[in-house]
Amino acid sequence: MSETTNPATATGIATPDTSRETFIGWNLDDGRNRPTNKWNREVAGRYRQADSLYRKYERFYEHLDQVDAGLKNGPAWWNQAYFTVWTNRDLISILARNLELLPHQQNKAKRYFLQQDLRRWGIRKELVAWATCAYVVHSDEKDKRRSYPSIKQGEKAEQFWDIGHRLDLSMDERTRTYHKVKTDMETGGSSKRAPLIYLEGYIRRCILYWVKTGI
């Protein structure tokens, strides 16, 4: 494990130094994990015959996976700095896919978003992520979709408005944040940049599901 930590923690762990060669496929909502005779939703819901904090099999293996990934040390202490970066990664990845960004656009949006100290924006991170994706698409000369917030009704890229509405982002919020992102990206994206945290292993797993928003 790395001894570098931001913020300080009791154990000094912030960015796990692990190749994550162990794969624990507990999450059946992850498309890579196919149900088998030995592991399926019925088995996952069973209770272990053991004196353990996590009696249900699914929660037990999820816990082991999180410990192996460096997200937590035991049941109580969480690696909050790493966990925050991990959830931000899932947020921008899921949003970029649902907004149908092209692969190179997704990479650009992720690179910018994950370099930001989102606390300095002072607004919901979903709003910054939406505006980032909107600007990346609108500024791509090869992409004819119009994702500028105040574009005319008949010309706009519908998925941006649909998802913006589901995320409960007002038109005023979208417009103001879009212009902030535009200015920041056109000047090098450095005004609210955070120290880069290298993302390994568990952070690549997309397990954040937006059930409430329907995305």
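Bear in mind that the values here come from a model prediction, so they are computed numbers and not experimental data. We're numbering straight along the sequence, starting at 1.
For the pair Lys125 and Asn88, the tightest heavy-atom approach, listed with the atom from each and the gap, is NZ-OD1, 2.6 Å. Heavy atoms only, all atoms of each residue included: Leu127 and Ile123 are closest at CD2-CD1, 3.9 Å. Between Lys144 and Arg146, the shortest heavy-atom contact is O-NE, 3.2 Å. The two residues Arg89 and Leu114 make their nearest non-hydrogen contact at CD-CD1, 3.5 Å. The shortest heavy-atom contact between Ala109 and Cys133 is CB-SG, 4.4 Å. Taking each heavy atom of Val43 and Asn37 in turn, the nearest pair found is CG2-O, 4.3 Å.
No donor-acceptor contact under 3.5 angstrom links the side chains of Glu62 and Tyr57, judged on distance only.
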Worked verdict on His179 versus Tyr135 for side-chain contact (heavy atoms from CB on, under 4.5 Å): CA-CA 9 Å; His179 284 290; Tyr135 175 72; over 6 Å; no
Trace of the side-chain contact (heavy atoms from CB on, under 4.5 Å) decision for Ile163 with Asn98: CA-CA 8 Å; Ile163 291 177; Asn98 281 278; 3.7 Å; yes
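Put simply, CE on Met185 and OG on Ser139 are 6.5 Å apart, with the number rounded to the nearest 0.5 Å. The CG atom of Leu118 sits 9.5 Å away from atom OG1 of Thr84, with the distance rounded to the nearest 0.5 Å. The distance from atom NZ of Lys110 to atom CG of Leu101, rounded to the nearest 0.5 Å, is 10.0 Å. Here the CG atom belonging to Leu95 is positioned 12.0 Å from the CG atom belonging to Asp90, to the nearest 0.5 angstrom.
For the pair Gln105 (side chain) and Leu102 (backbone), a donor-acceptor distance under 3.5 Å is present. A donor-acceptor pair under 3.5 Å links the side-chain atoms of Asn40 to the main chain of Thr36, judged by distance alone. In this structure, Ser147 contributes its side chain and His138 its backbone to a donor-acceptor pair below 3.5 Å. Side-chain atoms of Arg174 come within 3.5 Å of backbone N or O of Leu169 as a donor-acceptor pair. The backbone N or O of Arg55 sits nowhere less than 3.5 Å from a side-chain atom of Arg48 that would complete a donor-acceptor pair. Here the side chain of Trp130 pairs no donor or acceptor atom with the backbone of Tyr178 at under 3.5 angstrom. Although no hydrogens or angles enter the test, the distance criterion places a donor-acceptor pair under 3.5 Å between the side chain of Arg124 and the main chain of Leu167. Of the possible polar contacts, none joining the Asp140 side chain to the Val136 backbone as a donor-acceptor pair under 3.5 Å is found. Panel note: side chain Thr187, backbone Asp184; a donor-acceptor pair is recorded below 3.5 Å. Distance alone, capped at 3.5 Å, is enough to place a donor-acceptor pair between the Glu173 side chain and the Ser170 backbone.
Shown here is His165, whose NE2 atom has no more than 12 heavy atoms of other residues, nucleotides or ligands within 6.0 Å.
Ring centroid separation for the pair Trp39 and Tyr61 comes in under the 6.0 Å cut-off.
Ile92 has its side chain out of reach of Tyr112: every pair of non-hydrogen atoms, C-beta onward, lies at least 4.5 Å apart. Counting heavy atoms from C-beta outward, Pro35 and Arg41 have side chains that stay 4.5 Å or more apart.
Qualifying side-chain hydrogen bond (donor to acceptor under 3.5 Å, both in side chains) partners for Asp162, counting only residues two or more places apart in sequence or in other chains: none. Applying the side-chain hydrogen bond (donor to acceptor under 3.5 Å, both in side chains) test to Arg111 and every residue at least two apart in sequence or in another chain returns nothing.
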